[in-house]
Every structure is written in structure tokens, then in C-alpha cells.
Protein chains: 2
Amino acid sequence: MRTPDELTDLFRSTGRKVTPQRQCIFSVLYGDVTHPTAEAVHAAATAHMPTISLKTVYQTLHDLSELGEITTLDLGTGTARFDPNVDDVHHHLVCRECGKVRDLDLEFPDVRIPAGSELGFEVGSAEIVFRGRCHECAGATS
Amino acid sequence: MRTPDELTDLFRSTGRKVTPQRQCIFSVLYGDVTHPTAEAVHAAATAHMPTISLKTVYQTLHDLSELGEITTLDLGTGTARFDPNVDDVHHHLVCRECGKVRDLDLEFPDVRIPAGSELGFEVGSAEIVFRGRCHECAGATS
DNA sequence: TGGTGGTCAACAATGATTGTTGATAACATG
DNA sequence: CATGTTATCAACAATCATTGTTGACCACCA
Ligand SMILES: [Mn+2]
Ligand SMILES: [Mn+2]
Ligand SMILES: [Zn+2]
Ligand SMILES: [Zn+2]
């Protein structure tokens, strides 16, 4: 994801208007590595702008996703997660207990995309999801 | 997944009651390779038993999942998919257009589960999801 | 400085899934 | 087979994340 200032320009140049709410969301997301839910983004934004609505958060996340500035992840935790790290290909570790998501910056050369003709399926992307228990949850219970 | 008859015994031996509705769902799921949604299972069951309710389908799917006879898949298509193929480790191809799910019976030795200590994360499982376009959708549009 | 059209936030609706409940059916026991 | 106990059925309502609607408001261009 680009910097909040660059996103301001990008929104203007793509015919979108720039509002304080949107800029607030830009700065909340910038550098965030927690893969927040829409609720979490809203909570963080509310700290700076108490009246911002959850709908506005959803709208802006949708716009950012459309522009390719963030990725929407459905990792089976019940709610969508948003990832501003779109520049590096990476995979994810998901805690089965608390739902926390961490990046895994490893490459898996084996996971080659098979040619479409051999499968009857044109493959466009491959995601690997590792599920387990995060450090905090492992420490909490025996 | 075991045969409907074996499932009947399994349900009885685990203190669950066997009803015609449940047996109907057993036979609908047995040998199904389409990774159906709860709605799809309900539709197939309704063909044999018009009065069966969607709630009963959810309940039975939940029981089968608890017993390890089926797997519940959340592949980001908005609805859960149910997979009676629990004996072979395999991965999935998901059509971005129609949501169809196909098995991919390949092994990826590269996708080794990293040791927990190096990551601060105890990894239990790894799933690979390939997204793209199925044969039918590729043929339909140019 | 308007005018125009996009955005805001409150409210209501959606769709998948789950909770509740009275009536009904399965199972063990005799 | 009769009988009581307990689980299940299916209709109904509730939940949760997300999306649609709408009137008031604000950003941008001439
Ligand atoms: Mn990430
Ligand atoms: Mn499968
Ligand atoms: Zn955790
Ligand atoms: Zn398709």
C-alpha cells in the first residue's frame, strides 16, 4: 500500500473524493501488519475520529481493494481480513484459537501453478494457509 | 466418509439417534465429489424427502464433521462447503466465477510445516487453494 | 460563488448460520 | 410389546457480517 499522501492523490486521480474519514482510514492501515477486520479498522479510526461510521470503513476498504492497494482475505475466521502488504508475495499463519494472522515470507517453489489444459482448469493463483496456534495462545493454556 | 450403513452404526454407537432424515443425508453425501453447500445438500435431500428442513441438514452436517466423516471447507465463496473425501490428503481448485470446487490430488513436498520454535507459531496444517476458472466457465465466455 | 455529483452516517435489509421450542420418534429396559 | 426417557424434528425467530437506501452534506470544477 502507498503512503496516505500518495493515496490522496490516487483517489483524486481516479475520480474519487478525498474526505477526512478516508484519510483517517489511510493512516490507520498504513504499515499495519495485523491483518485487521473491518471492525478493527473502525475501532482504530474511531480513536482519531469518534463519529466515523462502520459503513464508511467498509466503503473505503472496498475502494482500496478495487485499486489494488489492499487485499481482502477470507481465511475462514468468519470475518474478512484486510492486508495492506500487496507488494511481497507471502502466505499466512492463522491461529485456530484467537484468529490472529501473521505473514509467512517464505517461497514454495513446489507450488507451481499447473497448466490449465492438463486439468480442465485455468489456475490463476495459489494461496497457502497454515493453521495452528500462535505464541500467545500456546503460552496461555498448557 | 463411510457407507450410509456404517454411518448408521457409528451414529448409534456414539449415542446419536438414527432418523430417516439423517440416513437420507448420508446417502446424498456418499460418493459426492462436488463439495456441496448446505443448501445443495438440502436440495438433493428434498428430492427424496420433501419435508426435510434445512436446519436438520445443518445439524447432521455438523455431527458428521464432529465425527470426522466430512470436512467443512471455507474457501471464500461465501458459504461453507462440505467434503466427504477425508481419507486422501488433497487440495482444491476453486472457480472464481461459478464457485465450483474440484479436488487436486497432488502432493507438494515443499510445503513442509515449519517447526514452531523458529516462528513463534505451532503449525498444525497447511491448505493450498488454487483459484482460477473452471472448464465450463472458460468455455462459456471468450 | 454556485452547481453538480459523490460521500457521509443513520437506518433497514440481506443471506448464511444458529438458537429456541413443542411435538414427535428412537432406544433401553422390563 | 409396553413404557418412560431422552434425542430429534421442523417451524420460527435471532444473530452476525456485510450491503442497500436515503436525505443531508461536502469536494471539486467552471
Ligand atoms: Mn499478509
Ligand atoms: Mn475435496
Ligand atoms: Zn492465538
Ligand atoms: Zn466455473
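All chains are named by letter (A, B, ...) in the order of the sequence lines, taking the proteins before the strands, and each is independently numbered beginning at 1. Values below: every heavy atom of this structure, side chains too, minus hydrogens, waters and symmetry copies.
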Engineer: The side chain of A/I52 is closest to which nucleotide in this list: C/dT17, C/dA9, D/dA7?
Structural biologist: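 Among C/dT17, C/dA9, D/dA7, the one nearest the side chain of A/I52 is C/dA9.
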Engineer: Taking the ring of B/F130 and the ring of A/F121, is the distance between their centroids below 6.0 Å?
Structural biologist: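 No, the ring of A/F121 stays outside the 6.0 Å limit from the ring of B/F130, centre to centre.
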Engineer: Between D/dT8 atom C1' and B/R12 atom CZ, what is the distance in whole Å?
Structural biologist: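 Taking atom C1' of D/dT8 as the reference, CZ of B/R12 is at 14 Å.
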Engineer: Starting at the 5' end of DNA chain C and moving along, which residue's nearest nucleotide shows up first, B/P20 or A/D63?
Structural biologist: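 Looking at DNA chain C, the more 5' nearest nucleotide goes with A/D63.
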Engineer: Say whether A/D5 and A/T3, considering side chains only, have a donor N or O and an acceptor N or O under 3.5 Å apart.
Structural biologist: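 No, no side-chain donor-acceptor contact under 3.5 Å.
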Engineer: Assuming nearest nucleotide by heavy-atom distance, tell me which of B/R16 and B/H62 is located more 5' along DNA chain C.
Structural biologist: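 Comparing both residues, the 5'-ward one is B/H62.
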Engineer: Do B/H35 and B/N85 pair up side chain to side chain, a donor and an acceptor below 3.5 Å, judged on atom types alone?
Structural biologist: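 Side-chain D/A pair, B/H35 to B/N85: absent.
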Engineer: Measuring only between side-chain heavy atoms, which start at C-beta, is B/E69 closer than 4.5 Å to B/V86?
Structural biologist: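 With C-beta onward as the side chain, the pair stays apart.
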Engineer: Does any donor-acceptor pair link the side chain of A/K55 with the base of D/dT21 at a separation under 3.5 Å?
Structural biologist: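 Donor-acceptor pair under 3.5 Å: yes.
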Engineer: Could you give the CD-to-P distance, from A/Q21 to D/dC25, as a whole number of Å?
Structural biologist: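 Computing the A/Q21:CD to D/dC25:P distance gives 14 Å.
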Engineer: Tell me: CG of A/L54 to C1' of C/dA9, nearest whole Å?
Structural biologist: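 Checked: the CG to C1' distance equals 11 Å.
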Engineer: I need the CD-P distance between B/Q23 and C/dA25, as an integer number of Å.
Structural biologist: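 Result: 15 Å.
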Engineer: Measure from OH on B/Y58 to P on D/dA13 and round the result to the nearest Å.
Structural biologist: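 It works out to 19 Å between those atoms.
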Engineer: Compute whether any side-chain donor of one residue and acceptor of the other, for B/T72 and B/S65, lie under 3.5 angstrom apart.
Structural biologist: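 A donor-acceptor contact under 3.5 Å links the two side chains.
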Engineer: Could you state the CG-C1' distance from B/L61 to D/dT8, rounded to the nearest angstrom?
Structural biologist: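 Between C1' of D/dT8 and CG of B/L61: 15 Å.
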Engineer: Got a sec? Which of residues 66-84 of chain A come in under 4.0 Å of DNA chain D, heavy atoms?
Structural biologist: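 Result for residues 66-84 of chain A: A/G78, A/T79, A/A80, sorted by number.
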Engineer: Tell me what A/E39 touches on the nucleic acid: a base, only sugar-phosphate, or nothing, going by heavy atoms under 4.0 Å.
Structural biologist: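 Answer is nothing: A/E39 stays at 4.0 Å or more from every strand.
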Engineer: Does B/M49 or B/G15 map to a spot on DNA chain D nearer the 5' end, using the closest nucleotide for each?
Structural biologist: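 Here B/G15 is the residue nearer the 5' end.
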Engineer: For B/H90, I'd like to know if atom NE2 has over 12 heavy atoms of other residues, nucleotides or ligands within 6.0 Å.
Structural biologist: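 Counting other residues, nucleotides and ligands, NE2 of B/H90 exceeds 12 neighbours.
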Engineer: Using OP1 and OP2 only, check whether a side-chain N or O of B/T19 sits under 4.0 Å from D/dC9.
Structural biologist: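 Checking B/T19 against D/dC9: at least one side-chain N or O falls below 4.0 Å of OP1 or OP2.
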Engineer: Quickly work out the B/F11 CZ to C/dA26 P distance and round it to whole Å.
Structural biologist: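 Rounded to whole Å, this separation is 15 Å.
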Engineer: Looking across every strand, which nucleic acid part, if any, lies under 4.0 Å from A/T51 by heavy atom: base, sugar-phosphate, or nothing?
Structural biologist: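 The answer is sugar-phosphate, as A/T51 gets under 4.0 Å only of primed atoms, P, OP1 or OP2.
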Engineer: Do any side-chain nitrogens or oxygens of A/T56 fall under 4.0 Å of OP1 or OP2 in C/dA9?
Structural biologist: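 So the side-chain polar atoms of A/T56 do come within 4.0 Å of the phosphate oxygens OP1 or OP2 of C/dA9, strictly under.
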Engineer: Report yes if a side-chain nitrogen or oxygen of B/R22 is closer than 4.0 Å to either non-bridging phosphate oxygen (OP1 or OP2) of D/dT8; otherwise report no.
Structural biologist: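 So the side chain of B/R22 is within the cut-off, an N or O lying under 4.0 Å from OP1 or OP2 of D/dT8.
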Engineer: How about A/T60 and A/Q21: does a side-chain donor come under 3.5 Å of a side-chain acceptor?
Structural biologist: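 A/T60 vs A/Q21: no donor-acceptor pair found between side chains.
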Engineer: What is the distance, rounded to the nearest whole Å, between atom CD of A/Q59 and atom C1' of C/dG6?
Structural biologist: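 Going from A/Q59 (CD) to C/dG6 (C1'), I get 10 Å.
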Engineer: Please tell me if the side chains of A/L29 and A/P36 come closer than 4.5 Å, counting only heavy atoms from C-beta onward.
Structural biologist: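 Yes, their side chains come closer than 4.5 Å.
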